[in-house]
Amino acid sequence: MNWPTSAIRLASVTLFSGALLGLSSCEDATDLGLELPGTSPVSSAFRDFSVSAYTVRQQPVETINASHFLVGRVRDSKVGVTTAKSFLNMQIGTSTDSLPSKYTETKLDSVVLSLGYDQVYGTAAKPLRFDLLQLQQPLDERTVYNSQSQVATSSPLISDIAGFLNRDKVVRQRISPSTSDTSTIKVTVPDRVVRVRFLKYSQTAALANSLYAALGDASFNQARLDAIIRGLALVPTANAQSEDNLVAFNRNIDTRLTFYFQGKATGKTVRPHAYSVFFGNNPTRLAADAKFFTNISTELASPLASLSTPLQQVSSSTTNGETYVQEGTGLGTRIDFQGLDDLTKNGNELNINRAELIIPIKQFTNGLFPYASSVYLQEVNSANQVLLRTVGATDYERVVQLEVAKDANGNSVLVTPIDYRYPAAASLYPSYAEPSEYRVSMTAYLQAYLLDRLNGEKPSGLILSPTLRSSTALSLNRTVLDANGIKLRIYFSTLK
């Protein structure tokens, strides 16, 4: 970053009281009515410092048991073709009340694989084309999986499934929120579930019938389930040239394999029943969720093709003044600040009142991928490796911290720049009239850097990343940044 330290004398004014001086031009202290005898006049101003910006790629991305699992293939003219495949263990329901073994005179009606989703990247007018395969072995509980992991699968159980993404359904909704008014009306809402009917296809029908027979045994358990269905893989159809869409399936939305059957309880008539096995999430919360992960690969287009090797960087000058931050793919933006040594040239005593990083967004670039909701600032070395801070026996990524945070009791606490528990997120400020932007305060961090108080190796730059390694969120949300407009705005006072 080339930030100077030796020539700056920081005044004794506390940085948090100084941060309240949101000044936009030079002002004389006497203009504020501070004509005190024996005091020196103070000049206050702000200045914007530019950055050098590069697109980098950090791999791998943590996708194990994330908020979503992704399936599909989508082409983007700026980055390239991104492909996502998901691999999931199966898990029995912890409730045994609805097992077929609890009933007599049972008859299987249907078996439905349900995949609930809440985000489509690309078009929803065309179906998602994917294959369904079985894992050769369940995912190992002791193995770490991420976006680059591969596991062995069988040949497809079903090929080229058409998962329609534009269907609607009719549901009944209450007219009034009042508890006394129970009247309802029929309304049409989007149907956000892809369904695969197992009895429709020969191989999945055989699998479903084998599992249904096991469900009729009172001793059915997880080991029996694993012996019959070792796990499922959902991958975009290999023979399809389609690059139309990629779908984010939410683990908490109707994600299950359900057996619908007729059965008779003791002393009762035959009635319809259902029993589900789960993957990704067990809604009963009485057992740990089944293990799963998403493999994500991107065939990068020029001029980003060199990023196929992780930690490389591409200057914004070769990408038309743009850089990228994207979840899932590992794309981030490295920034190096320029010209901060100019603050020291006049030899006056200097106090930094406030420092704020402003990150403008290229307009009209969220048609395919929604903007990332926030951006974190990771400290990195010259090789774009994130620096670590060791606390006890644990290593934590060094990330610019909040200046004020809430503790476990909801009380405000001042955070030191060498903390690791309160990462500062550059918040998105949307706008319709002007370009949207991210903003984040860096006052305490800048002060600590200039005073060499970061307790460790000095970073040579910062990487703007939409996710942290500890995050469980997974999406392909992306923001195209106006690299030429990124600036560090510093409000400062000079004692003449």
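Because only heavy atoms are used, hydrogens play no part in the values below, and waters and symmetry mates are left out as well, while side chains stay in.
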A.B. asks: Taking only Lys NZ, Arg NE, NH1 and NH2, and the carboxylate oxygens of Asp or Glu, determine whether K107 and D109 approach each other closer than 4.0 Å.
C.D. replies: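 Looking at D109 together with K107, the answer is no, because their closest N to O distance does not fall below 4.0 Å.
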A.B. asks: Return the set of residues passing ring-ring contact (aromatic ring centres under 6.0 Å, His included) with F164 (not counting sequence neighbours), or none when no residue passes.
C.D. replies: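 Counting only residues at least two positions away or on another chain, F164 forms no ring-ring contact (aromatic ring centres under 6.0 Å, His included).
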A.B. asks: Take atom CZ in R172; do more than 12 heavy atoms of anything else shown fall under 6.0 Å from it?
C.D. replies: yes
A.B. asks: Quick one: list whatever passes salt bridge (charged side-chain N to carboxylate O under 4.0 Å, His left out) with D419, sequence neighbours left out.
C.D. replies: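 Scan of D419 (salt bridge (charged side-chain N to carboxylate O under 4.0 Å, His left out), adjacent residues dropped) gives R421.
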A.B. asks: Taking side chain to side chain donor-acceptor pair (under 3.5 Å) as the test, write out the residues that go with N381, two or more places apart.
C.D. replies: Q385
A.B. asks: Any Lys/Arg nitrogen of R224 or D226 sitting under 4.0 Å from an Asp/Glu carboxylate oxygen of the other?
C.D. replies: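 Result for this pair is no, no salt bridge flagged.
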A.B. asks: Do NZ/NE/NH1/NH2 and the carboxylate oxygens of E62 and R469 come within less than 4.0 Å?
C.D. replies: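 Yes, E62 and R469 are salt-bridged.
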A.B. asks: Under 4.5 Å between any side-chain heavy atoms of R251 and D289, yes or no?
C.D. replies: yes
A.B. asks: What residues form a side chain to side chain donor-acceptor pair (under 3.5 Å) with Q134, not counting sequence neighbours?
C.D. replies: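 Checked Q134 against side chain to side chain donor-acceptor pair (under 3.5 Å); zero matches.
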A.B. asks: About how many Å separate CZ of R167 and CZ of R192, when rounded to the nearest 0.5 Å?
C.D. replies: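 These two atoms lie 13.0 Å from each other.
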A.B. asks: Between F87 and A233, which heavy-atom pair has the shortest distance, and what is it?
C.D. replies: CD2-CB, 3.6 Å
A.B. asks: Can you name the one residue among V235, L232, L234 that meets side chain to side chain contact (heavy atoms under 4.5 Å, CB included) with L133?
C.D. replies: V235
A.B. asks: On the 0 to 90° scale, with breaks at 30° and 60°, tag the Y212-F259 ring pair as parallel, tilted or perpendicular.
C.D. replies: parallel
A.B. asks: Can you tell me how far apart CG (N89) and CG (L139) are? Round to the nearest 0.5 Å.
C.D. replies: 4.0 Å
A.B. asks: Could you go through T184 and Q173, starting from their C-alpha distance and side-chain angles, then the distance that decides it, and tell me whether this counts as side chain to side chain contact (heavy atoms under 4.5 Å, CB included)?
C.D. replies: CA-CA 5 Å; T184 62; Q173 289 187 354; over 6 Å; no
A.B. asks: Of all the heavy-atom pairs spanning Q401 and P423, show the shortest one and how long it is.
C.D. replies: OE1-N, 3.8 Å
A.B. asks: Please tell me whether D131 and T237 have a donor and an acceptor in their side chains that are separated by less than 3.5 angstrom.
C.D. replies: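 Result is yes, a qualifying pair exists.
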A.B. asks: Any donor-acceptor pair under 3.5 Å linking the side chain of R230 with the backbone of Q136?
C.D. replies: yes
A.B. asks: Is there a donor-acceptor pair under 3.5 Å between the side chain of Y117 and the backbone N or O of L70?
C.D. replies: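 Not a single qualifying donor-acceptor pair exists.
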A.B. asks: Among residues at least two apart in sequence or on other chains, which ones pass ring-ring contact (aromatic ring centres under 6.0 Å, His included) with F292?
C.D. replies: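 With neighbours one apart ignored, the set is F69.
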A.B. asks: When you measure from the side chain of S101 to the backbone N and O of G216, does any donor-acceptor pair fall under 3.5 Å?
C.D. replies: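 Absent.
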A.B. asks: Going through the checks in order, is the side-chain hydrogen bond (donor to acceptor under 3.5 Å, both in side chains) test met by S441 and E403?
C.D. replies: CA-CA 8 Å; S441 175; E403 294 175 349; 3.1 Å; yes
A.B. asks: Can you name the residues that form a side-chain contact (heavy atoms from CB on, under 4.5 Å) with T143, not counting sequence neighbours?
C.D. replies: D140, Y145
A.B. asks: Which heavy atom in A425 sits nearest to a heavy atom in S374, and how many Å separate them?
C.D. replies: CB-CB, 3.8 Å
A.B. asks: Return a table of donor-acceptor pairs under 3.5 angstrom between the side chains of residues 296-312 and protein atoms on other chains or two or more places apart.
C.D. replies:
from	atom 1	to	atom 2	distance (Å)
T298	OG1	T82	OG1	3.3
S308	OG	A305	O	3.0

A.B. asks: Keeping the roles fixed (side chain from N295, backbone from S149), state whether a donor-acceptor pair exists under 3.5 Å.
C.D. replies: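 Judged by distance alone, yes, a pair lies under 3.5 Å.
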A.B. asks: Enumerate, atom names and distances included, each donor-acceptor pair closer than 3.5 Å involving a side-chain atom of residues 118-128, sequence neighbours excluded.
C.D. replies:
from	atom 1	to	atom 2	distance (Å)
D118	OD1	H68	NE2	3.0
D118	OD2	H68	NE2	3.2
D118	OD2	N250	ND2	2.8
Y121	OH	L476	N	3.0
Y121	OH	N477	OD1	3.2
T123	OG1	A125	N	3.0

A.B. asks: For L211 and I229: C-alpha separation, side-chain torsions, deciding distance, then whether side chain to side chain contact (heavy atoms under 4.5 Å, CB included) applies.
C.D. replies: CA-CA 8 Å; L211 184 53; I229 301 182; 3.6 Å; yes
A.B. asks: Tell me, do P236 and T83 make a side-chain contact under 4.5 Å, heavy atoms counted?
C.D. replies: yes
A.B. asks: What's the separation between atom OH in Y54 and atom OG in S315, rounded to the nearest 0.5 Å?
C.D. replies: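 Those atoms lie 5.5 Å apart.
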A.B. asks: I'd like to know if the side chain of N366 reaches the main chain of F369, judged simply by a donor and an acceptor atom lying under 3.5 Å from each other, with no hydrogens or angles considered.
C.D. replies: no
A.B. asks: Taking it one step at a time, do K487 and F49 satisfy side chain to side chain contact (heavy atoms under 4.5 Å, CB included)?
C.D. replies: CA-CA 5 Å; K487 56 195 173 188; F49 293 84; over 6 Å; no
A.B. asks: Could you tell me which residues satisfy side chain to side chain donor-acceptor pair (under 3.5 Å) with Y438, sequence neighbours excluded, listed by chain and number?
C.D. replies: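 Partners of Y438 under the side chain to side chain donor-acceptor pair (under 3.5 Å) test: T479.
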A.B. asks: Would you call E327 and R478 a salt bridge, using N to O less than 4.0 angstrom?
C.D. replies: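 No, E327 and R478 are not salt-bridged.
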A.B. asks: What pairs with L402 under side-chain contact (heavy atoms from CB on, under 4.5 Å), at least two apart in sequence or on another chain?
C.D. replies: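 Counting only residues at least two positions away or on another chain, L402 forms a side-chain contact (heavy atoms from CB on, under 4.5 Å) with A405, Y422, A424.
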A.B. asks: So how far is it from D160 CG to R129 CZ, rounded to the nearest 0.5 Å?
C.D. replies: 4.0 Å
A.B. asks: Can K78 and E322 be counted as an ion pair, charged N to O under 4.0 angstrom?
C.D. replies: yes
A.B. asks: Would a distance-only check, ignoring hydrogens and angles, find a side-chain to backbone donor-acceptor pair under 3.5 Å from T63 to T294?
C.D. replies: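 Present.
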A.B. asks: Just verifying a value: how many Å separate E437 CD and L428 CG, rounded to the nearest 0.5 Å?
C.D. replies: 9.5 Å
A.B. asks: Which heavy atom of Y371 sits nearest to which heavy atom of K362, and what is that distance?
C.D. replies: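 Scanning both residues completely, I find the closest heavy atoms to be OH-O, 3.6 Å.
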A.B. asks: Is there a donor-acceptor contact under 3.5 Å from the side chain of T106 to the main chain of Y103?
C.D. replies: no
A.B. asks: Counting N and O atoms only, with roles assigned by atom type, does the side chain of S471 sit under 3.5 Å from a partner on the main chain of A473, one being a donor and the other an acceptor?
C.D. replies: yes
A.B. asks: Does any donor atom in the side chain of T323 or T333 lie under 3.5 Å from an acceptor atom in the other side chain?
C.D. replies: yes
A.B. asks: Is it true that the side chains of N384 and Q313 contain a donor and an acceptor less than 3.5 Å apart?
C.D. replies: yes
A.B. asks: Which atom names give the shortest non-hydrogen contact between I92 and Q222, and what distance separates them?
C.D. replies: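 For I92 versus Q222, the nearest heavy atoms are N-OE1, 3.2 Å.
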A.B. asks: Determine whether I64 and K291 satisfy the following criterion, side chain to side chain contact (heavy atoms under 4.5 Å, CB included), listing intermediate values before the conclusion.
C.D. replies: CA-CA 7 Å; I64 186 71; K291 198 166 191 175; 3.5 Å; yes
A.B. asks: Would you name the heavy atoms of N146 and V61 that are closest together and state the gap between them?
C.D. replies: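 That closest heavy-atom pairing would be CB-O, 3.4 Å.
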A.B. asks: Would you give the length of the straight line joining atom CG of L488 to atom CD1 of I358, rounded to the nearest 0.5 angstrom?
C.D. replies: 8.5 Å
A.B. asks: According to side-chain contact (heavy atoms from CB on, under 4.5 Å), who are the partners of A274, at least two apart in sequence or on a separate chain?
C.D. replies: T258, Y260
A.B. asks: With K406, which residues qualify under side chain to side chain donor-acceptor pair (under 3.5 Å), at least two apart?
C.D. replies: S412
A.B. asks: So does A372 get a backbone contact from the side chain of Q326, meaning a donor-acceptor N/O pair under 3.5 Å?
C.D. replies: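 Between the backbone of A372 and the side chain of Q326 there is no qualifying donor-acceptor contact (under 3.5 Å).
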